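Reminder, nothing fancy here: chain letters follow the sequence lines and each chain counts from 1. Values in this document were obtained by computation on a predicted structure and should not be read as measured data.
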Protein chains: 2
Amino acid sequence: MEKEAAPCCQEKEIHPERLERVRSLLPPDEELYDLAELFKIFGDSTRVKILYALLEGELCVCDLAGLMEVTQSAVSHQLRVLKNSKLVKFRREGKTIYYSLADGHVESILNQGMEHIEE
Amino acid sequence: MEKEAAPCCQEKEIHPERLERVRSLLPPDEELYDLAELFKIFGDSTRVKILYALLEGELCVCDLAGLMEVTQSAVSHQLRVLKNSKLVKFRREGKTIYYSLADGHVESILNQGMEHIEE
DNA sequence: ACAACAAATGAATAAATGTTCATATGTAGA
DNA sequence: TCTACATATGAACATTTATTCATTTGTTGT
């Protein structure tokens, strides 16, 4: 993803002191990476729609596929992504599997995003 | 992106009443799409790092490039994305351009995400 | 007007991602 | 154990996206 330091401005660093402070306050790269990974999950309309739907309560894969107007397979793939990120959980009841939100963070994040949109 | 309704479960819709309720409560597709677009912006580690850096105050493109260990061009491209989404603003001072966060939403969104990560 | 420099832009490329189709897995009932 | 059905998985494909390189734009100082 990265390659090497940028030559950029030849006065090397324009604001060394400011940069030093930022550098010391910045979360470690790994944390930033994980954070980006999390938001990437929310960055797909199919997944966002799934999450919004689950705000109203648990639904099975079939219900979701009907709602999304997308293949059962597509929904299933996306549910796996959501499951891996611990955003949804599921329970089995006979042949059908019910998915629901894993915790309240999902709702908070969606709401914060919506607030920014609506303005 | 989509194609056609899914045949899926032959009993058509397993929970019609539940589905109907969800359908009526769900935000319009366009809104969900915009929301996903917003989160997509946060879904890249370079951009997240830029945003985090700007939490501490304004920085010029050069500073950011130095911080990211990425080309000036790459940073500039990403700043354009952030600018288009109204997440950052800028002011010019001579040859250099200073970028800063557009509003407080950015911080709220980042924090909500971090909360989910840290557990 | 010209040289120097910060930042922006465009084209090209490599990598990541979402969807579909086909198939496999797991569960329930005859 | 065989069939039916809900869900999961794998491979393939098309699209999106982030980066770099090369160049342009805009500003300052001479």
Side-chain angles (χ1 to χ4, degrees), chain A residues 1-15 32-33 36-37 39-50 58-66 68-85 88-99, chain B residues 1-15 32-33 36-37 39-50 58-66 68-85 88-99:
Chain A
M1 237 159 203
E2 291 131 39
K3 215 180 199 179
E4 47 181 284
C8 191
C9 8
Q10 28 257 99
E11 342 239 329
K12 257 337 180 189
E13 304 187 334
I14 295 204
H15 308 93
L32 292 172
Y33 185 80
E37 285 301 304
F39 285 124
K40 206 173 288 183
I41 309 287
F42 286 83
D44 174 84
S45 51
T46 300
R47 286 191 293 261
V48 165
K49 196 166 181 178
I50 290 177
E58 63 177 13
L59 290 171
C60 70
V61 179
C62 233
D63 290 338
L64 288 168
M68 321 299 299
E69 309 205 325
V70 142
T71 315
Q72 170 267 322
S73 176
V75 173
S76 196
H77 278 299
Q78 299 300 4
L79 284 170
R80 183 154 52 107
V81 173
L82 293 170
K83 197 167 54 182
N84 289 341
S85 321
V88 304
K89 58 190 197 310
F90 64 97
R91 71 183 178 86
R92 166 157 241 146
E93 189 176 313
K95 278 178 293 187
T96 86
I97 298 190
Y98 292 92
Y99 281 86
Chain B
M1 244 163 201
E2 291 131 39
K3 215 179 197 178
E4 46 181 284
C8 190
C9 10
Q10 27 260 102
E11 344 237 327
K12 260 335 179 190
E13 303 186 335
I14 293 204
H15 309 94
L32 292 172
Y33 185 79
E37 285 303 304
F39 284 123
K40 207 172 288 184
I41 308 289
F42 287 83
D44 174 84
S45 50
T46 298
R47 287 190 294 261
V48 166
K49 196 166 180 177
I50 290 177
E58 64 178 13
L59 289 172
C60 69
V61 179
C62 234
D63 289 338
L64 287 168
M68 321 297 300
E69 307 206 322
V70 143
T71 315
Q72 169 268 323
S73 176
V75 173
S76 196
H77 279 297
Q78 299 301 2
L79 284 170
R80 181 155 52 108
V81 173
L82 293 170
K83 198 168 53 182
N84 289 341
S85 321
V88 304
K89 58 189 196 313
F90 64 98
R91 71 183 180 85
R92 162 158 243 145
E93 190 176 312
K95 279 179 290 187
T96 85
I97 298 190
Y98 292 92
Y99 281 86

For [X] and [N], give me the distance from atom [atom1] to atom [atom2], rounded to whole Å.
X      : N       : atom1 : atom2 : result
L64(B) : dA18(D) : CG    : P     : 17 Å
K40(B) : dT17(C) : NZ    : P     : 12 Å
R91(B) : dA6(C)  : CZ    : P     : 16 Å
E69(A) : dG18(C) : CD    : P     : 20 Å
I50(A) : dG18(C) : CD1   : P     : 11 Å
K49(A) : dG18(C) : NZ    : P     : 17 Å

For K89(B), what residues pass the side-chain hydrogen bond (donor to acceptor under 3.5 Å, both in side chains) criterion, not counting sequence neighbours?
-> S100(B)
Which residues satisfy the side-chain hydrogen bond (donor to acceptor under 3.5 Å, both in side chains) test with R91(A), sequence neighbours excluded?
-> E58(A), E93(A)
Side-chain contact test, heavy atoms from C-beta onward, threshold under 4.5 Å: evaluate it for D44(B) versus V81(B) and give yes or no.
-> no
Indicate the ring-plane relationship of F39(A) and F42(B), choosing parallel, tilted or perpendicular according to the 30° and 60° boundaries.
-> tilted
On a plain distance test, is the side chain of Q72(A) in donor-acceptor contact with the base of dA8(D) below 3.5 Å?
-> yes
What heavy-atom pair brings [X] and [Y] nearest, and what distance separates the two atoms?
X      : Y      : result
M68(B) : T46(B) : CE-O, 3.2 Å
Y98(A) : C60(A) : CD2-N, 4.0 Å
V88(B) : L79(B) : CG2-O, 4.2 Å

Residue list, side chain to side chain contact (heavy atoms under 4.5 Å, CB included) with I97(B), at least two apart or on another chain = F90(B), R92(B), Y99(B)
State whether the side chain of R47(B) and the backbone N or O of A36(A) hold a donor-acceptor pair below 3.5 Å, judged by distance alone.
-> no
Determine: side-chain N/O of Y99(A) to OP1/OP2 of dA8(D), distance under 4.0 Å, yes or no.
-> yes
Any side-chain N or O of T96(B) under 4.0 Å from OP1/OP2 of dA6(C)?
-> no
Summarise how protein sits on nucleotides 25-30 of chain C as a single string, 5' to 3': B when a protein heavy atom is under 4.0 Å from the base, S for sugar-phosphate-only contact, - for no contact.
-> -SBS--
With five pairs defining each end axis, the helix from dA1(C)-dT30(D) to dA30(C)-dT1(D) comes out bent, to 10°, by 30°
Which ones in residues 73-83 of chain A lie close to DNA chain D, meaning a heavy atom under 4.0 Å from one of its atoms?
-> S73(A), S76(A), H77(A), R80(A)
